[in-house]
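The next block holds one structure in the form of structure tokens; read it before the comments.
Whatever order the structure lists ligands and atoms in, that order sets their numbers, starting from 1.
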Amino acid sequence: MKKKNCFTKLIYSTNFFLSIMLGLSCVGAPPHAFSKTEEIKFPDSFEWCVATASHQIEGNNKDSDWWEFERRGKTIENEDRSTKATDHWNRLEEDTQILVDLGVKTYRFSLEWAKIEPQPGNWNKEALEHYKKEILLLKKNNIKPFITLNHFSIPYWFAKKGGWTSPQAPHFFNRYVKKVFENLGHLGIESWVTFNEPVWNLISGYVLGAFPPGKKDLKLLAAPIVGVVKSHALAYKTLHKIAKKRNIPIKVGLVKALNIFETLRKWNPLDHYARSILERVYNLSLLEALQKGRLKFSFPTIVNMDKELKEAKGTLDFLGVNFYTRLFVKFTFSPPFIKTETVAAKDKITEMHWEIYPEGLYKVVTKAHQMFPKLPIFISENGIADKTDKKRIPFIKDHLYYVYKLIKQKVPIVGYCYWTLIDNFEWAHGYRPRFGLYELDLKTLSRTPRPSAIFYKNLIKKKGFSYEKKGFK
Ligand code: NOJ
């Protein structure tokens, strides 16, 4: 019972005993469970989307750093290897039909640098033709291609030269980006993403040892982050320069993973400190570099990064936000000194051992919007690994409810991509986690829509859904 209602009733009550009872309940009114249904409607222009990444679905990415990493042994859960992945490379027609069936307006996918440039300066025309075919197929079906230029994997030759730590990284990346735009830029692609989740990629590769190059040293993190910021800034300028010359309207952005970080032991100042460092390194540092042209983060005695990167300032036309979970942070006395844990009830945990925390999407987007009040925001990824498909529909609804709330508050969110279309190769976790709206049969590679795919299709058709809100008041 709401206190206001409670006191109103008290004022109008003429019965003495009733007044006493109501008075008591006003002081300590017990919470009441409620459920109410709200019709959630999204604007007509809202871009319904699904997202994928080349290495995770195409197969045969033989010239990439991941191909080599997967073959080192003990690097991937169950010793899985991407190998044929979902064989998307050979199933363009079939998978485009799935997108058509779902009714998505936009398809976010990535180009594989290692396939386009398998050896330095050696361009694979067949790969470029393949992507051209994919883009034209999408356009023919009125689906907007939303392209990511780098989604984690890189050519092995580039990795051997030091990857993002190499002083030549911006030059190599720029050469690739230029080639891509010269070949595909005229096909009518509005939005280009330079990097997907670069900070998470580099933490995984240089601090946690879970991604290539498989290093485990916090000291090593600074150099590749600088390399990525410089590469992004240069690519941003190059894309705009060529597009302007050819009179092609484009938007260039970056996709950032944002997490909610909470202090694990509230009484422990070291945990608070560890949380603040992670917040800065993971969530803030790169965004700030793009906002102010200065990259700043430190880990006392190990890394002290404070670098002017003027060229990065203002190099975003939109921001992609990937949101998955909330983590609790604690300090540990052995490297890397910061540890994260998932704290949640069993029914709120996914196959990735991540907490389902929809409100977090609201919080991270609010922060991003405060940092970049003028920028359009795309929810470039949000999804759940759930083989049973029992949690997926509520997951999507709960997250979209917060997207809707943000739009109502005039936050310029232009679209939402569910991650992902078909179960795929989930990096260090191999094929175990099942994120797909479509189930992949690992033997036959056939794709079967899960109930959540039907739900997503209907939601797109209706531009909304009936949302049953549950809670206490
Ligand atoms: C974000 C990454 O961009 C994507 O590649 C990955 O599969 C999902 N997170 C799920 O972990």
Side-chain angles (χ1 to χ4, degrees), residues 49-59 61 64-67 69-70 75-77 80-82 85-86 88 106-114 146-154 193-205 208 210-212 228 232 253-260 282-283 286 319-327 340 342 349-357 360-361 364 378-387 391-392 395-396 399 415-440 452:
C49 158
V50 284
T52 64
S54 46
H55 184 76
Q56 294 177 272
I57 60 168
E58 285 178 354
N61 195 13
S64 68
D65 60 340
W66 268 88
W67 194 265
F69 185 68
E70 290 159 23
T75 48
I76 314 293
E77 215 177 297
D80 281 352
R81 291 172 176 187
S82 57
T86 74
H88 173 71
T106 302
Y107 174 47
R108 176 174 174 234
F109 64 105
S110 70
L111 308 182
E112 191 57 52
W113 182 3
F146 180 14
I147 293 185
T148 304
L149 289 155
N150 176 261
H151 195 121
F152 298 169
S153 43
I154 53 176
V193 169
T194 53
F195 286 92
N196 174 72
E197 299 194 349
V199 178
W200 168 240
N201 182 32
L202 299 175
I203 290 178
S204 301
L208 304 174
F211 285 10
V228 160
H232 162 83
L254 179 142
V255 163
K256 182 76 188 77
L258 293 175
N259 266 340
I260 295 289
Y282 191 107
N283 281 342
L286 179 86
L319 176 68
V321 172
N322 288 359
F323 176 75
Y324 285 92
T325 196
R326 160 167 79 169
L327 291 165
T340 58
T342 293
I349 294 182
T350 75
E351 285 165 15
M352 291 293 278
H353 206 68
W354 290 344
E355 180 191 2
I356 301 172
Y357 184 56
L361 178 61
V364 297
F378 214 111
I379 309 302
S380 36
E381 279 182 40
N382 175 237
I384 178 172
D386 174 25
K387 194 181 163 82
K391 297 176 184 167
R392 188 169 283 107
F395 178 98
I396 297 175
H399 284 81
Y416 171 92
C417 300
Y418 177 78
W419 180 271
T420 186
L421 181 62
I422 309 162
D423 294 335
N424 64 19
F425 178 72
E426 177 50 41
W427 307 110
H429 297 286
Y431 289 101
R432 183 187 52 79
R434 301 302 189 103
F435 277 94
L437 290 172
Y438 280 68
E439 183 181 353
L440 179 75
S452 54

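Ring pair Phe211/Trp200 is perpendicular by interplanar angle, where above 60° counts as perpendicular and below 30° as parallel. Using cut-offs of 30° and 60° for the angle between ring planes, the Trp427 and His55 rings count as parallel.
Checking Glu355, His399, Glu381 one by one against Tyr324, the side-chain hydrogen bond (donor to acceptor under 3.5 Å, both in side chains) holds for a single residue, Glu381. Under the ring pair (Phe, Tyr, Trp, His ring centres under 6.0 Å) test applied with Phe146, the options Tyr107, Phe109, Tyr416, Phe378 reduce to a single match, Phe378.
Under the 3.5 Å distance criterion, with hydrogens and angles disregarded, a donor-acceptor pair is assigned to the side chains of Ser110 and Ser54. Between Thr342 and His353, the side chains place no donor N or O within less than 3.5 Å of an acceptor N or O (distance only, hydrogens not considered).
Contacts of Trp354 with ligand 1, taken as heavy-atom pairs under 4.0 Å, involve the side chain alone. Looking at Asn196 against ligand 1, only its side chain comes within 4.0 Å, counting heavy atoms. Under 4.0 Å from ligand 1, the heavy atoms of Trp427 that appear belong solely to its side chain.
The protein non-hydrogen atom at the shortest distance from atom 7 (O) of ligand 1 is Glu426 OE1, 2.6 Å. Here the protein heavy atom with the shortest distance to atom 8 (C) of ligand 1 is Tyr324 OH, 3.5 Å. With hydrogens left out, the protein atom closest to atom 2 (C) of ligand 1 is Glu381 OE1, 3.3 Å, a heavy atom.
Between Glu70 and Arg81 there is no salt bridge, since no side-chain N of the basic residue sits under 4.0 Å from a carboxylate O of the acidic one.
Ligand 1 is never approached by Phe323 to a heavy-atom distance shorter than 4.0 Å. By the 4.0 Å heavy-atom criterion, Phe435 is counted among the residues contacting ligand 1.
Taking every non-hydrogen atom of His151 and a distance limit under 4.0 Å, the qualifying atoms of ligand 1 come out as 2 (C), 3 (O), 4 (C), 5 (O).
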